[in-house]
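This one's a predicted model, so the numbers in the text were calculated from it and none came from an experiment.
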Amino acid sequence: MTPSLLADVAPADQVPPVFVLVRPQMGENIGGAARAMLNFGLERLRVVDPRDGWPSPKAVAMASGAGRLLETAGPYADVQAAIGDCDYVFATTARGRELTKPVMTPEAAMMRARGLIAAGKKVGFLFGPERAGLENDDLVLANAIVTVPVNPDFPSLNLAQCVLLLGYEWQRQTGVVSAEEMVFNRTDFASRVEVEKLGDHFEEKLTAAGFFYPPAKVPGMKQSLRNMWARLGLTKAEVATFHGMLRQIARHLGSDQRGE
């Protein structure tokens, strides 16, 4: 059964980031990731659809003293369930992708994450499966990409190693927020769920208008639009404005069709 999204949320306003392992293949890597997280004071681990099932004795054995992180890690059925309470999501990948998103180093990503968390937002980091990493359907749910500056001829990192690098950056940085982040903190950004609902609204109206054509291109068109909404960093006011625009356009076109 998928655990409650609120089960691992502390009562404090500032909640450390959640690390989400997406379709991990080896229990040893899950345990290694848990151990790396606890090394740097991070305890919010979530696991999505692990290949070898759950619970995983190999993960528990590898986690050693960090086994308690596995007790509340899931499993979650899909990525959307695992990041359902996150306002901003980073995705780790070493590969070039078709999707256009901000690309950050681990240092820059953690600086941004600290700024968001200082503003009371909840942040998540996605880590892909060992064999091929995150897919575009996973990346489209993220607001930004995190890429480690590794050897371009051998960019593959072990899952637990990648978690270790991000955990290290979290611990290394102080709570001091840069001037850019101070401005960012005063902006009331829309949550990920609010942006997804806006995407639903646009898809509904665009479908009714016959925008999605031809059928073979429809999945890619919808994915591109979803990626755009996640990338823009919309405020709550902007999301409300877009909803209002769509409602007004639909109302006006409906009146025209009735001859009013």
Side-chain angles (χ1 to χ4, degrees), residues 1-93 106 109-110 113-114 116-117 120-131 133-135 138 141-142 146 157-173 175 191-193:
M1 180 179 296
T2 299
S4 168
L5 288 170
L6 301 179
D8 58 354
V9 175
D13 291 335
Q14 296 187 15
V15 181
V18 60
F19 280 18
V20 181
L21 309 186
V22 180
R23 299 181 296 279
Q25 296 170 287
M26 299 178 63
E28 293 89 342
N29 282 334
I30 300 173
R35 190 168 181 173
M37 288 176 64
L38 196 56
N39 283 152
F40 298 108
L42 293 168
E43 300 190 26
R44 303 180 66 225
L45 173 66
R46 294 173 185 172
V47 178
V48 175
D49 190 23
R51 183 191 65 181
D52 296 337
W54 198 261
S56 168
K58 291 182 179 179
V60 173
M62 188 65 184
S64 187
R68 70 174 186 272
L69 274 65
L70 304 176
E71 295 174 2
T72 56
Y76 289 79
D78 53 39
V79 176
Q80 286 184 315
I83 61 174
D85 61 342
C86 294
D87 301 300
Y88 197 96
V89 176
F90 297 87
T92 61
T93 179
M110 278 305 172
R114 282 190 173 275
L116 287 161
I117 290 168
K121 304 297 183 182
K122 294 182 177 65
V123 174
F125 284 83
L126 300 179
F127 300 84
E130 296 89 325
R131 184 179 62 83
L134 295 168
E135 299 176 357
D138 305 317
L141 301 174
V146 184
L157 282 174
N158 174 269
L159 174 59
Q161 289 175 331
C162 190
V163 170
L164 182 77
L165 285 170
L166 271 294
Y168 167 76
E169 277 298 336
W170 169 261
Q171 182 73 3
R172 184 185 68 82
Q173 294 184 27
S191 70
R192 188 190 58 79
V193 172

From [atom1] ([X]) to [atom2] ([Y]), nearest 0.5 Å:
X	Y	atom1	atom2	value
Q171	M37	CD	CE	12.5 Å
R44	L69	CZ	CG	11.0 Å
C86	K122	SG	NZ	9.0 Å
D87	K121	CG	NZ	5.0 Å

* **Flag if over 12 foreign heavy atoms under 6.0 Å of OH, Y168** => no
* Is the number of heavy atoms from other residues, nucleotides or ligands within 6.0 Å of CZ (R35) greater than 12? ->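 Atom CZ in R35 is not crowded, with 12 or fewer foreign heavy atoms closer than 6.0 Å.
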Please answer whether the main-chain N or O of [Y] pairs with a side-chain N or O of [X] as donor and acceptor at a distance below 3.5 Å.
X	Y	answer
R114	W170	yes
E28	A59	no
R51	Q25	yes
T92	L126	yes

* Which of these, L141, D78, V22, sits in a side-chain contact (heavy atoms from CB on, under 4.5 Å) with I83? ->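 Passing option: L141.
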* ring-ring contact (aromatic ring centres under 6.0 Å, His included) partners of F127, counting only residues at least two apart ->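 ring-ring contact (aromatic ring centres under 6.0 Å, His included) check on F127 returns F19.
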* To do: Could you tell me whether K58 and D52 have a side-chain N and a carboxylate O separated by less than 4.0 Å?
  => no
Search all heavy atoms of [X] against all heavy atoms of [Y] and return the closest pair with its distance.
X	Y	result
A33	V163	O-CG1, 3.6 Å
A66	A34	CB-O, 3.6 Å
V193	G84	CG2-O, 3.6 Å
V47	P24	CG1-CG, 3.8 Å
A73	W54	CB-CZ2, 4.2 Å
S56	G27	OG-CA, 3.5 Å

Any non-hydrogen side-chain atom of [X] less than 4.5 Å from a side-chain atom of [Y]?
X	Y	value
V20	V79	no
P55	L70	no
L165	L157	yes
L42	P17	yes
L159	L21	yes
F90	M110	no

* Under the salt bridge (charged side-chain N to carboxylate O under 4.0 Å, His left out) test, which residues partner E169, sequence neighbours left out? -> R172
* To do: Could you go through the salt bridge (Lys or Arg N to Asp or Glu O under 4.0 Å) check for R46 and D85 one step at a time?
  => CA-CA 12 Å; R46 294 173 185 172; D85 61 342; 2.9 Å; yes
* Structure fact -> Residues at least two apart in sequence or cross-chain that pass side chain to side chain donor-acceptor pair (under 3.5 Å) with N158, listed by chain then number, are N29
